[in-house]
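For reference, the structure discussed in these notes is given below.
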Amino acid sequence: MRKILVTGGTGYIGSHTVVELQKSGFEPVIIDNLSNSNAKIVDLIARITGRKPLFEKLDMCDLPALQSFFEKHDDIAGVIHFAAYKAVGESVNNPLKYYRNNIVSLLNLLQCMEMLQHKNLVFSSSCTVYGQPDNLPVTELAPVKPAISPYGNTKQIAEEIIRDTVSQQDIMAISLRYFNPIGAHESGLIGELPLGVPDNLVPYITQTAIGKREKLTVFGNDYDTHDGTCIRDYIYVSDLAKAHVVALNRMLDEKNEQSHEIFNVGTGTGYSVLDAINSFEKTTGVNLNWAFSDRRPGDVEQVWADTTLANLKLGWKAEKDLDVMMATAWKWEQTLATGIMEAGG
Ligand code: UFG
């Protein structure tokens with residue numbers, strides 16, 4: 001079984017990707033510093049797949065620790081790099097924390113990958129690099145716009161670092177630009193674990209529905225969209241996870257056409273905030289307490305993906321619709337309410 005390193009593998013997208021890797025016959029090995037995740041996820045992954053992935057608590061900013069990890073695992077056939085801070089607002093207040101963590105960890109990883117025989121990297125990028133695109137749906141050829149937040153800037157800088165490094169270091173890389181990942185594994189055993197008050201729409205919806213939050217605030221009703229609220233391309237987290245496996249296989253099979261390729265990963269359809277609320281209410285039968293407020297600073301009005309490149313070159317297509325995404329997100333919130341993540345749960 002080919003060994004794949006998953007950095008940030010106990011996190012939201014990472015854990016779903018570990019499941020898909022195991023299902024595809026790979027042996028994922030997780031490193032994570034647990035700064036925004038929980039080691040219990042490793043056991044929950046085992047409950048889903050019947051196999052417990054290897055896990056080591058490790059901070060990738062600690063270069064000697066990362067080097068000794070790579071020395072032990074020099075048979076790694078590919079790396080999927082998720083480990084990063086991701087809270088947009090926090091990055092504005094504490095830019096150095098974001099630059100240090102997200103950039104230094106990538107530099108250390110690229111340095112350590114020199115030791116590997118198989119230097120294949122899948123990088124977790126974001127549609128945030130497009131800002132508000134001039135044309136929709138947005139293709140990979142659209143210009144990268146000045147980043148609105150230090151978080152977004154770390155994604156842009158990381159893509160540049162990878163682009164410059166691959167040509168010099170014999171590394172193959174695919175950057176996946178995610179749109180808005182939501183939902184949870186259909187088992188209801190793993191999902192998003194926001195720290196504190198959620199920034200993102202769907203965890204806020206499910207926490208409001210379960211009674212952890214009093215009311216959902218919808219940021220802005222005067223955008224130039226069909227109902228005045230912002231539009232996003234919501235992508236089911238397990239569909240996104242599968243895109244990583246496909247990207248990895250593309251490099252392992254030496255099918256990639258350039259040493260650094262970039263793909264949009266979305267559904268190709270945009271939904272408004274009110275569409276998302278309606279879908280949640282319809283699929284779960286739960287009425288949501290919500291109200292409009294002012295726009296949230298920094299929000300892009302509307303963005304959705306042109307997924308032609310991923311469809312054609314990766315042979316990958318998103319499968320699940322918004323209702324499935326909402327139903328699984330709700331199932332996961334109900335699992336959390338059982339206390340599964342608490343001690344002894
Ligand atoms: N929203 C609300 N109320 C909330 C939370 C969100 O109305 O309580 C709205 C936002 O205004 C936006 C939409 O729901 O219109 C989606 O917001 P999210 O915060 O869920 O997602 P964003 O599109 O703002 O951000 C996501 C990722 C970022 C990434 C960005 C790229 O979380 O990591 O996409 O566009 F940078």
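Each ligand, and each atom within it, is numbered from 1 in the order the structure gives. All values below were derived from every heavy atom in this structure, side-chain atoms included, with hydrogens, water molecules and symmetry-related copies excluded. Please read all numbers here as calculations on a predicted model, not as lab measurements.
- Here the side chain of Asn264 pairs no donor or acceptor atom with the backbone of Thr307 at under 3.5 angstrom.
- Counting atoms of ligand 1 from 1 in the listed order, those under 4.0 Å from a heavy atom of Cys127 are 31 (C), 35 (O).
- Checked against a 3.5 angstrom limit, the closest N/O atoms of Asp299 and ligand 1 fall inside it.
- Atoms of ligand 1 lying under 4.0 Å from at least one heavy atom of Cys230, given by number and element, are 15 (O).
- Of all the heavy atoms of Tyr178, none lies under 4.0 Å from any atom of ligand 1, so neither backbone nor side chain is involved.
- Here's the thing with Leu201: one of its N/O atoms is less than 3.5 angstrom from an N/O atom of ligand 1.
- With a 4.0 Å cut-off on non-hydrogen atoms, Thr217 touches ligand 1 through its backbone and not its side chain.
- For Phe292, the closest heavy-atom approach to ligand 1 does not fall below 4.0 Å.
- Within ligand 1, counting atoms from 1 as listed, the ones closer than 4.0 Å to a heavy atom of Val218 are 7 (O).
- If you look at Asn200 next to ligand 1, the close heavy atoms, those under 4.0 Å, come from the backbone and the side chain alike.
- Of the N or O atoms in Arg232, one or more lie within a sub-3.5 Å distance of an N or O in ligand 1.
- The minimum heavy-atom distance between Val166 and Ala173, with the atom names listed, is CG1-CB, 3.8 Å.
- Using cut-offs of 30° and 60° on the angle between ring planes, the pair Tyr98 and Tyr85 is tilted.
- None of Val42, Ile45, Leu189 except one satisfies the side chain to side chain contact (heavy atoms under 4.5 Å, CB included) rule with Ser15; the exception is Ile45.
- Proximity to Leu216 (heavy-atom distance under 4.0 Å) selects the following atoms of ligand 1: 8 (O).
- Every atom of ligand 1 is numbered from 1 in the order shown, and the set under 4.0 Å from a heavy atom of Tyr234 is 13 (C), 16 (C).
- Residue Tyr151 touches ligand 1 through its side chain alone, judged by heavy-atom distances below 4.0 Å.
- Note on ring orientation: taking the six-membered ring where Trp is involved, the planes of His244 and Phe82 are tilted (angle from 30° to 60°).
- Atoms of ligand 1 lying under 4.0 Å from at least one heavy atom of Asp199, given by number and element, are 5 (C), 19 (O).
- Heavy atoms only, all atoms of each residue included: Glu319 and Lys242 are closest at OE1-NZ, 3.9 Å.
- The two residues His73 and Leu116 make their nearest non-hydrogen contact at O-CD2, 3.9 Å.
- Protein heavy atom nearest atom 4 (C) of ligand 1, with residue, atom name and distance: Phe219 CE1, 3.3 Å.
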#### Entry: Evaluation steps, side chain to side chain contact (heavy atoms under 4.5 Å, CB included), between Leu274 and Asn221
CA-CA 10 Å; Leu274 295 187; Asn221 62 354; over 6 Å; no
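- Proximity to Ser126 (heavy-atom distance under 4.0 Å) selects the following atoms of ligand 1: 29 (C), 31 (C), 36 (F).
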